[in-house]
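Working notes, beginning with the structure itself.
In listed order, ligands and their atoms are each counted from 1. Just the heavy atoms: all of them, side chains too, but no hydrogens, waters or symmetry mates, feed the values below. The chain is numbered in sequence order, starting from 1. Note that the coordinates shown come from a computational prediction; the quantities given were computed from them, not determined experimentally.
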Amino acid sequence: MLNKINIIITEVENAIASSKEQVEEYRIKWLSKKGSIKSLFDEFKDVPNELKKDVGQQLNLLQNKAQEKINSLKELFDNEAGAEIDGKIDLSLPNYPTLINGSRHPLSIVKNQIIDIFSRIGFTVSDGKEIENDWYNFSALNTPENHPARDMQDTFYVSLNPEMVLRTQTSSVQVHIMEDQALPIRTISPGRVYRNEAVSARAHCQFHQVEGLYIDEKVSFADLKQTLLYFAKEMFGEKTKIRLRPSYFPFTEPSAEMDISCTICKGKGCNICKQTGWVEILGCGMVDPQVLINCGIDENKYKGFAFGMGIERITMLKYQINDLRLFFENDIRFLKQFTSA
Ligand code: DAH
């Protein structure tokens, strides 16, 4: 008996209908006086007493499920019939199926915030290419072939053409801008970059950066520091402190890495900042005069600063996300937690 009930439960659960008539056929088959469920109820009196409780429960479940199914299928076709009255559409009917609003991807939210922050102090936004030739990604940026600094970034070469790469850094856009645009220059360029890295919680073969470039006649390291301090406070809050540590990049001299005071523990020490109270967020420096020369700019008249940051890193710090892979999996449970204007 239980077996028979379960077979009909499966039938009910899987039933679909393409017309009102078919729904009626289901109703007659399951729920009418001669229907299968009615005859199971008739058989119920012969079930041994010790099984009556279980079988009874299952039989009631079946009857409820069949009734619900008929109701929901009926509703489908009732709505359809009501949608048109004398050839006119009934606009008072509820939307079907209900449309769910999407939300912006967290990386887009943070990218837009970064653009907003720099726009307020006069930076324009420049676009670049994701497939670059060797000159723009490396050589013009003081990283000729065989330069050891090429090992800092594992590169994807575009097949058959060793000259063409998937850009490893948005710094490539700097070169195009310096070659093409009138001076002074004050711009940021957000975009996707690629590196041949094993995918893990902390690294990915694709990620996003924002590059910044400022070239004018009297640009100093103090301007760089002040610009980045303004950015850090706007992005992470008024109380945020910054710290610049000497570093090395082939296209800046001097070069630095910038840390911000840990937003999680407020400098006391936690896992995110590895108990130091500081977290690194970007690389920066004064544009190396040789790079200005490479791009046809008078290195005696002009100076500049540049910086580059990872959007994933900033987003992870802002929202306390601990696995980089989440950004690329498109899991709706993750994405729907982010809202923006
Ligand atoms: N391109 C560097 C990287 O991907 C980041 C960077 C460092 C950009 C210093 C800059 C800079 O513009 O000045 O690691």
| field | Minimum non-hydrogen distance to atom 9 (C) of ligand 1, winning option of Gly283, Gly308, Ala306, Gly304 | value |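 Among Gly283, Gly308, Ala306, Gly304, the closest heavy atom to atom 9 (C) of ligand 1 comes from Gly283.
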| Pick from Arg195, Glu211, Met258: the one approaching atom 4 (O) of ligand 1 most closely through a non-hydrogen atom |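 Considering heavy atoms of Arg195, Glu211, Met258, the nearest to atom 4 (O) of ligand 1 sits in Arg195.
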| Test: Glu43 and Lys4 ion pair at under 4.0 Å |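 A salt bridge links Glu43 with Lys4.
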| message | Any salt bridge linking Glu132 with Arg167? Criterion: basic side-chain nitrogen under 4.0 Å from a carboxylate oxygen. | response |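 Answer for the salt bridge query: no.
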| Is the closest N or O pair between Thr168 and ligand 1 shorter than 3.5 Å? |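 In this structure, Thr168 places no N or O atom under 3.5 Å from an N or O of ligand 1.
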| query | Is there a donor in the side chain of Ser171 and an acceptor in the side chain of Glu211, or the other way round, less than 3.5 Å apart? | reply |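 On atom types as modelled, these side chains qualify, holding a pair under 3.5 Å.
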| query | Taking atom types as modelled and ignoring hydrogens, do the side chains of Asp288 and Thr252 form a donor-acceptor contact shorter than 3.5 angstrom? | reply |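 The criterion, which ignores hydrogens and geometry beyond distance, is not satisfied for Thr252 and Asp288.
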| query | Closest heavy-atom contact between Phe249 and Ala256? | reply |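 So the minimum-distance heavy-atom pair works out to CE1-O, 3.6 Å.
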In terms of atom number and element, which parts of ligand 1 are under 4.0 angstrom from non-hydrogen atoms of [X]?
X      : value
Gln174 : 12 (O)
Thr252 : 13 (O)
Ser171 : 1 (N), 8 (C)
Phe249 : 7 (C), 9 (C)
Gly285 : 13 (O)

| query | Do the ring centers of His204 and Phe328 come within less than 6.0 Å of each other? | reply |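 That pair passes the under 6.0 Å test.
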| Going by heavy atoms, is Gln209 under 4.0 Å from ligand 1? |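 Distance cut 4.0 Å: Gln209 passes for ligand 1.
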| task | Tell me whether the guanidinium CZ or amine NZ of Lys52 lies under 6.0 angstrom from the six-membered ring centre of Phe44 and within 45° of its axis. | result |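 Judged by the rule, Lys52 and Phe44 form a cation-pi pair.
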| query | His208 and side-chain contact (heavy atoms from CB on, under 4.5 Å): which partner among Val193, Thr315, Ile314, Ile311? | reply |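 Among Val193, Thr315, Ile314, Ile311, the one that satisfies the side-chain contact (heavy atoms from CB on, under 4.5 Å) with His208 is Ile311.
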| query | Relative to ligand 1, is Phe251 under 4.0 angstrom through side chain, backbone, both or neither, heavy atoms considered? | reply |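 For Phe251, the contact with ligand 1 is made by the side chain alone.
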| Got the closest protein heavy atom to atom 1 (N) of ligand 1, with its distance? |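 Ranking protein heavy atoms by distance from atom 1 (N) of ligand 1, first comes Gln169 OE1, 2.7 Å.
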